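Have a look at the structure below before the remarks.
All of these numbers come straight from a predicted model, not from anything done at the bench. Ligands are counted one by one from 1 in listed order, and the atoms in each one are counted from 1 as well. In this chain, numbering begins with 1 at the start of the sequence shown.
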Amino acid sequence: MTRILLLGGTGDALRIARQLGPGHVYSLAGLGKVPDDLSCEVRVGGFGGSAGLARYIEDECIGLVIDATHPYAAQISANAAKASRAARVPCWALRRESWQPQAGDDWRMVGDWAELTGALASFRRPLFTLGREPLAHLDEIPPQQFWTVRCLDAHETHPRARILAMRGPFTLEGERALFSAEAFDVVVSKNSGGSATEAKLDVARERGLPVVMLRRPELPAADREFAHVADLLDALQVSG
Ligand code: NAP
């Protein structure tokens, strides 16, 4: 049996982990929920950079690394590619396809936080769906703005922001109700791809709202890349 190290932290990774039997390892950074109903081993926490990951691969006799981390988790993907090369084991990656703008979309692409706040300057009620990063900037909210920040983390209340500690998937009906109740005038998003959090883009289009979209980071090439979980699982069965 080829012992697999699956790097996860996403819904797609969890779907793969559910198919792995004992003897394989599912690895999480430790920021979110840790599943307790898997047949495979679950480990939590960083490895100590690419060198630590290479050591782990060797010590644990891992024969295949699968990078199924989030498309914006660029550090662990870089580490996975480098460590696999160093340990001479193949690295496969699940690379979820990006969302593509459709007719009627008004996407404004930005590369970092400074560009992002510049793109928001003329708006009053942004919805942030970027994860926890905006929580570090609550004291910088411009006087004309009220922020809604939706992320996994609970956070103390703030007079100029509403923090929604919520986990997807989000439905079209739910997003319509939220957008209507909160009167957002712009959406801030990563281009995560997949269906779990896509409804906000549909509702932004329906309401004619711009989307400030953070560009995807560069990710390293992997030995095999898959856009869909089913294709990766098929390849695992074929390769035994
Ligand atoms: P990151 O910047 O790429 O990684 C930071 C460090 O966290 C890595 O260097 C590694 O520490 C550790 N790490 C990350 N993923 C790990 C894993 N699966 N197993 C063990 N250690 C891991 O990652 P991030 O953007 O902070 O994301 C952290 C985790 O949340 C990822 O697993 C990702 O899949 C998940 N996630 C991220 C996003 C996002 O938008 N970034 C969204 C949803 C889920 P060492 O260097 O010490 O090994």
Distance under 4.0 Å to a non-hydrogen atom of [X]: what atoms of ligand 1 satisfy this?
{"X": "Thr69", "answer": "34 (O)"}
{"X": "Ala74", "answer": "3 (O)"}
{"X": "Arg43", "answer": "20 (C)"}

Do the side chain of [X] and the main chain of [Y] share a donor and acceptor less than 3.5 angstrom apart?
{"X": "Gln145", "Y": "Phe123", "result": "yes"}
{"X": "Glu225", "Y": "Ala222", "result": "yes"}
{"X": "Asn191", "Y": "Ser98", "result": "no"}

Salt-bridge contact [X]-[Y] (side-chain N to carboxylate O under 4.0 Å):
{"X": "Asp105", "Y": "Arg205", "value": "yes"}
{"X": "Arg150", "Y": "Glu175", "value": "yes"}
{"X": "Asp202", "Y": "Arg176", "value": "no"}
{"X": "Asp153", "Y": "Arg132", "value": "yes"}

Could an N or O of ligand 1 be found under 3.5 Å from any N or O of [X], whether backbone or side chain?
{"X": "Ile76", "answer": "yes"}
{"X": "Ser27", "answer": "yes"}
{"X": "Thr10", "answer": "no"}
{"X": "Lys190", "answer": "yes"}
{"X": "His70", "answer": "yes"}
{"X": "Leu7", "answer": "no"}

Pair Glu182, Arg125 - check side-chain contact (heavy atoms from CB on, under 4.5 Å), show working. CA-CA 8 Å; Glu182 298 295 333; Arg125 293 186 68 84; 3.4 Å; yes
Mutual orientation of the aromatic rings belonging to Phe179 and Phe184 [parallel < 30°, tilted 30-60°, perpendicular > 60°]: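 If you compare the ring of Phe179 with that of Phe184, the planes turn out perpendicular.
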Students should be able to answer this: which protein heavy-atom is nearest to [atom], and at what distance?
{"atom": "atom 11 (O) of ligand 1", "value": "Gly46 CA, 3.6 Å"}
{"atom": "atom 13 (N) of ligand 1", "value": "Ala29 CB, 3.6 Å"}
{"atom": "atom 47 (O) of ligand 1", "value": "Gly48 N, 2.9 Å"}
{"atom": "atom 2 (O) of ligand 1", "value": "Gln75 CB, 3.7 Å"}
{"atom": "atom 23 (O) of ligand 1", "value": "Ala73 CB, 3.5 Å"}
{"atom": "atom 48 (O) of ligand 1", "value": "Phe47 N, 2.6 Å"}
{"atom": "atom 26 (O) of ligand 1", "value": "Leu31 CD1, 4.3 Å"}

Taking the six-membered ring of Phe47, is NZ or CZ of Arg43 closer than 6.0 Å to its centre and within 45° of its axis?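 Geometry flag: set, cation within 6.0 Å and 45°.
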Checking Arg18 against Tyr26: charged group under 6.0 Å from the ring centre and within 45 degrees of the axis?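 Verdict for Tyr26: no cation-pi partner in Arg18.
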Does Leu53 have a heavy atom less than 4.0 Å from any atom of ligand 1?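 The answer is no, since Leu53 has no heavy atom less than 4.0 Å from ligand 1.
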Contact between Gly49 and ligand 1, counting heavy atoms under 4.0 Å?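 Within the 4.0 Å threshold, so yes.
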Test log, rule side-chain contact (heavy atoms from CB on, under 4.5 Å), inputs Gln19 and Ser39: CA-CA 8 Å; Gln19 304 304 316; Ser39 307; over 6 Å; no
Are any of the protein's heavy atoms under 4.0 angstrom from atom 38 (C) of ligand 1, yes or no?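 Protein heavy atoms within 4.0 Å of atom 38 (C) of ligand 1 - there is at least one.
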Region of [X] engaging ligand 1 - heavy atom pairs below 4.0 Å:
{"X": "Asn79", "result": "side chain"}
{"X": "Ser50", "result": "neither"}
{"X": "Leu28", "result": "backbone"}

Heavy-atom neighbours of Arg124 CZ exceed 12 at 6.0 Å: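 Counting other residues, nucleotides and ligands, CZ of Arg124 stays at 12 neighbours or fewer.
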Residue pair Asp12, Leu232: steps toward the side-chain contact (heavy atoms from CB on, under 4.5 Å) verdict: CA-CA 11 Å; Asp12 283 344; Leu232 192 150; over 6 Å; no
Just go through Gly9, Gly8, Ala51, Gly45 and tell me whose heavy atom is the nearest to atom 32 (O) of ligand 1.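 Result: the heavy atom closest to atom 32 (O) of ligand 1 is in Gly8.
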